[in-house]
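Data first, discussion second: the structure below is written as structure tokens.
We count residues from 1, following the sequence as given.
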Amino acid sequence: MTGATGPGDPPPPGDHPFLLAIKPLVDAMGGDLLAPEQASGDDVVLSWEGRDVVAVRLPHLSDSLDHILAALERRHGMPLPDLDRKTKQSVVRVLEQRGAFSVRHGVETVASALGVSRFTIYNYLNREAGTSGNGLRTR
């Protein structure tokens with residue numbers, strides 16, 4: 001068989017429209033795409049029109065934090081320790097919204113990645129908690 005598909009045959013897995021649609025999301029999460037028959041344990045098998053198309057292997061939480069930090073570094077175009085204070089505060093805000101500090105050693109991991117102390121991270125978090133939605137400090 002040459003690998004060509006005929007009318008009515010499913011497209012090759014890499015060209016399936018569902019796979020193309022979810023790939024950016026899976027990449028952003030740090031997950032892996034697998035053939036459905038390779039799925040195991042906690043993998044999530046996704047179907048399209050009644051057929052299993054792909055399995056997604058989700059990353060461990062600790063790997064997710066590393067993946068998020070790497071994505072933020074790419075987004076800012078420079079190593080995180082080189083960011084200015086205001087941008088580091090913004091990064092901490094994003095990480096808090098994404099649950100980074102609910103992961104064991106999250107504060108230490110983020111502090112190390114930003115090149116600041118844990119105390120600085122807590123100050124950024126407390127500063128944010130003391131600011132209302134309109135940007136004014138609350139008492």
From OG1 (Thr109) to CZ (Arg104), nearest 0.5 Å: 11.0 Å

Is there a side-chain contact between Pro79 and Glu73, using heavy atoms and a 4.5 Å cut-off? yes

Find out whether Leu46 and Val54 are in side-chain contact, i.e. whether some heavy atom of one side chain is under 4.5 Å from a heavy atom of the other. yes

Using a 4.5 Å cut-off on heavy atoms from C-beta on, say whether the side chain of Leu95 contacts that of Leu72. yes

Side chain to side chain contact (heavy atoms under 4.5 Å, CB included) between Val92 and Phe101, worked out: CA-CA 9 Å; Val92 168; Phe101 303 113; 4.0 Å; yes

Could you walk me through whether Tyr124 and Glu96 satisfy the side chain to side chain contact (heavy atoms under 4.5 Å, CB included) test, starting with their C-alpha distance in whole Å, then the side-chain angles of each, then the deciding distance to 0.1 Å, before giving a yes or no? CA-CA 10 Å; Tyr124 291 171; Glu96 182 180 27; over 6 Å; no

Is there a side-chain contact between Lys23 and Asp27, using heavy atoms and a 4.5 Å cut-off? yes

Between Leu33 and Ile22, is there a side-chain heavy-atom distance shorter than 4.5 Å? yes

Is the shortest heavy-atom distance from the side chain of Gln89 to the side chain of Arg127 under 4.5 Å? yes

What are the two closest non-hydrogen atoms of Pro59 and Gly30, and how far apart are they? CB-O, 3.6 Å

How long is the span from the NE2 atom in His16 to the CZ atom in Arg51, to the nearest 0.5 Å? 8.0 Å

Verdict with supporting geometry, His76 and Asp82, side chain to side chain contact (heavy atoms under 4.5 Å, CB included): CA-CA 10 Å; His76 290 286; Asp82 295 346; over 6 Å; no

Pairwise distance CG(Leu80) to OG1(Thr87) - rounded to 0.5 angstrom: 10.5 Å

Would Phe18 end up clustered with Val56 when hydrophobic side chains under 4.5 Å apart are linked, directly or stepwise? yes

Report yes if the side chains of Val110 and Leu65 come closer than 4.5 Å at any heavy-atom pair, otherwise no. yes

Is Ser47 reaching over with its side chain to a backbone N or O of Gly50, donor-acceptor style, under 3.5 angstrom? no

Any Lys/Arg nitrogen of Asp84 or Lys88 sitting under 4.0 Å from an Asp/Glu carboxylate oxygen of the other? no

Side chain to side chain contact (heavy atoms under 4.5 Å, CB included) between Val91 and Leu114: does it pass, once the steps are laid out? CA-CA 9 Å; Val91 165; Leu114 291 175; 4.1 Å; yes

Flag yes if Val45 and Trp48 sit in one hydrophobic cluster, no otherwise; membership is Ile, Leu, Val, Met, Phe, Trp, Tyr, and two members link when side-chain heavy atoms are under 4.5 Å apart. no

To the closest 0.5 Å, what do you measure between CD (Glu108) and CZ (Arg118)? 5.0 Å

What distance do Leu83 atom CG and Ser90 atom OG have between them, rounded to the nearest 0.5 Å? 9.0 Å

Candidates Asp43, Asp32, Asp42 - the one meeting side chain to side chain donor-acceptor pair (under 3.5 Å) with Arg57: Asp43

